[in-house]
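The structure appears right after this line, and notes come after that.
Predicted, not measured: the structure shown is a model, and the values here were computed from it. Chain identifiers are assigned alphabetically (A, B, ...) following the order of the sequence lines, protein sequences preceding nucleic acid strands; residue numbering begins at 1 within each chain.
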2 protein chains.
Amino acid sequence: MPQTKGGNTIDRKEKLKAFLKQRGFKSTRQRDIIADEFLKSGEHITAEEMYKKVSRKHRDIGFTTVYRTLKLLAKSGLATERVFADNLTRYEPLSAEDHHDHLICINCGSITEFEDLKLERLQEKIAGEFGFRIVTHKMEFYGYCNVCGERQRKK
Amino acid sequence: MPQTKGGNTIDRKEKLKAFLKQRGFKSTRQRDIIADEFLKSGEHITAEEMYKKVSRKHRDIGFTTVYRTLKLLAKSGLATERVFADNLTRYEPLSAEDHHDHLICINCGSITEFEDLKLERLQEKIAGEFGFRIVTHKMEFYGYCNVCGERQRKK
DNA sequence: AGGAAATTGAAATTCATTTTCATTTAACGT
DNA sequence: ACGTTAAATGAAAATGAATTTCAATTTCCT
Ligand SMILES: [Mn+2]
Ligand SMILES: [Mn+2]
Ligand SMILES: [Zn+2]
Ligand SMILES: [Zn+2]
């Protein structure tokens, strides 16, 4: 039973259905398959990657639909859009309440997540000094992960 | 005498010349003009915007040269490349030693800069807990600046 | 089942960025 | 100053991810 951030896959698919119904959108075979694959993947995945993954089993599902479904998941609150330094749009399963930031290795590309309340509070404090009301923020660290850092030191 | 971050324009143009010479690159009329306009502008400017600005006075200078010169300035350490949420590459005059982060208004687009040592230290601390060695980071706040925040409250 | 409205997927479009290539120009030695 | 060579320039073309278009298909509701 693959447990993912923010709830299990079944709960989330319910949430998607509710979202669709509420907006007058339709439940389709394609959306079901894509949401399923996506929600259990737990990655920071691009539309292209997601398309490749889905189309292995389902040749008839097109890239455009995958692309649109990921956008839809983001709008429904089940996914978050992220753009890191490579300038590709990535999606990750995430409920609206969750929040975390990222450590990105510039050597191996690994992405580590973290959550730090002190950091969030300090951000609010800094913004407050400028009379600035934060809606979202982007906090990313680029450098060497512990694996790549070790390897480098040995050289 | 327009004083810009990280030194005056003349100093910086010296630095550029040194960089060019050291690498076997050439000093050209175009590079001179573009660097001049750019260094005294002090903005977060796109290649397109910079091109428009430059080409008003110098119709013969092409977009490609502006684009390439901005990249060159970045490599020489006189400019920093930034990509904010609109996904356009912007350049700002900046010496290598300087560092600051940004508050970006999602209503009026204004960009405010700040520097916070506590924040920088906390970032190091967090990274350290993962054995992660930071090379660069991206810290951006998106929300309402004090002007737009006020206006909104009045509605 | 019937019909309106949404969805799909292939292809086309957009748009910033980057590359190509023929021509021009700067730098250096003579 | 002159010639040589390598770099720079600028127009145009290419790239590539993101987005839109549109005819055909599917879903949803009565
Ligand atoms: Mn994440
Ligand atoms: Mn800045
Ligand atoms: Zn790594
Ligand atoms: Zn504002």
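- Using a 4.0 Å cut-off, no side-chain N or O of A/Tyr67 falls inside it from OP1 or OP2 of D/dA18.
- Atom CD of B/Glu49 and atom C1' of C/dA16 are 13 Å apart (whole Å).
- Although no hydrogens or angles enter the test, the distance criterion places no donor-acceptor pair under 3.5 Å between the side chain of A/Lys138 and the main chain of B/Ala85.
- Rounded to an integer number of Å, the gap from A/Arg68 CZ to D/dT26 P is 15 Å.
- Atom NZ in B/Lys75 sits about 11 Å away from atom P in D/dA8, given to the nearest Å.
- Classification of A/Glu43 and A/Arg90 as a salt-bridged pair fails, no side-chain N sitting under 4.0 Å from a carboxylate O.
- The residue B/Arg31 sits close only to the backbone: its heavy atoms come under 4.0 Å of sugar-phosphate atoms, none of a base.
- Using a 4.0 Å heavy-atom cutoff across all strands shown, A/Thr28 reaches sugar-phosphate atoms only and no base atom.
- Within 4.0 Å (heavy atoms only), A/Thr46 reaches no atom of the nucleic acid at all.
- The separation between B/Asn87 atom CG and C/dA16 atom C1' is 9 Å, rounded to whole Å.
- Listed pair B/Gln30 / C/dT25 fails the phosphate criterion, with no side-chain N or O lying under 4.0 Å from OP1 or OP2.
- Nucleic acid contact class of B/Glu48 (heavy atoms, under 4.0 Å, all strands): none.
- One finds no salt bridge joining A/Glu49 and A/Lys53 here, because no Lys/Arg side-chain nitrogen approaches an Asp/Glu carboxylate oxygen to under 4.0 Å.
- Across the protein-nucleic acid pair, B/Lys71 atom NZ and C/dT18 atom P stand 4 Å apart, rounded to whole Å.
- In this pair, B/Phe63 and B/Tyr51 present their aromatic rings perpendicular. The plane angle is above 60°, beyond the 30 to 60° band.
- Per the geometry, CG belonging to B/Leu72 stands 16 Å off P belonging to C/dA26, to the nearest Å.
- In this structure, B/Phe63 and A/Leu20 both approach DNA chain C, and ranking their closest nucleotides by distance from the 5' end singles out A/Leu20.
- Using a distance-only test at 3.5 Å, with no hydrogens or angles considered, a donor-acceptor pair links the side chain of B/Arg31 to the main chain of B/Lys26.
- If you find the closest nucleotide of DNA chain D to B/Thr64 and to A/Ser27, the one lying nearer the 5' end belongs to B/Thr64.
- If B/Gly24 and B/Asp60 are placed on DNA chain D by their nearest nucleotide, the residue sitting closer to the 5' end is B/Gly24.
- Here the P atom of nucleotide D/dA8 and the CG atom of B/Asp32 are 14 Å apart, to the nearest Å.
- One finds no side-chain N or O of A/Thr89 lying less than 4.0 angstrom from the OP1 or OP2 phosphate oxygen of D/dA17.
- Rounded to an integer number of Å, the gap from B/Phe25 CZ to C/dC28 P is 14 Å.
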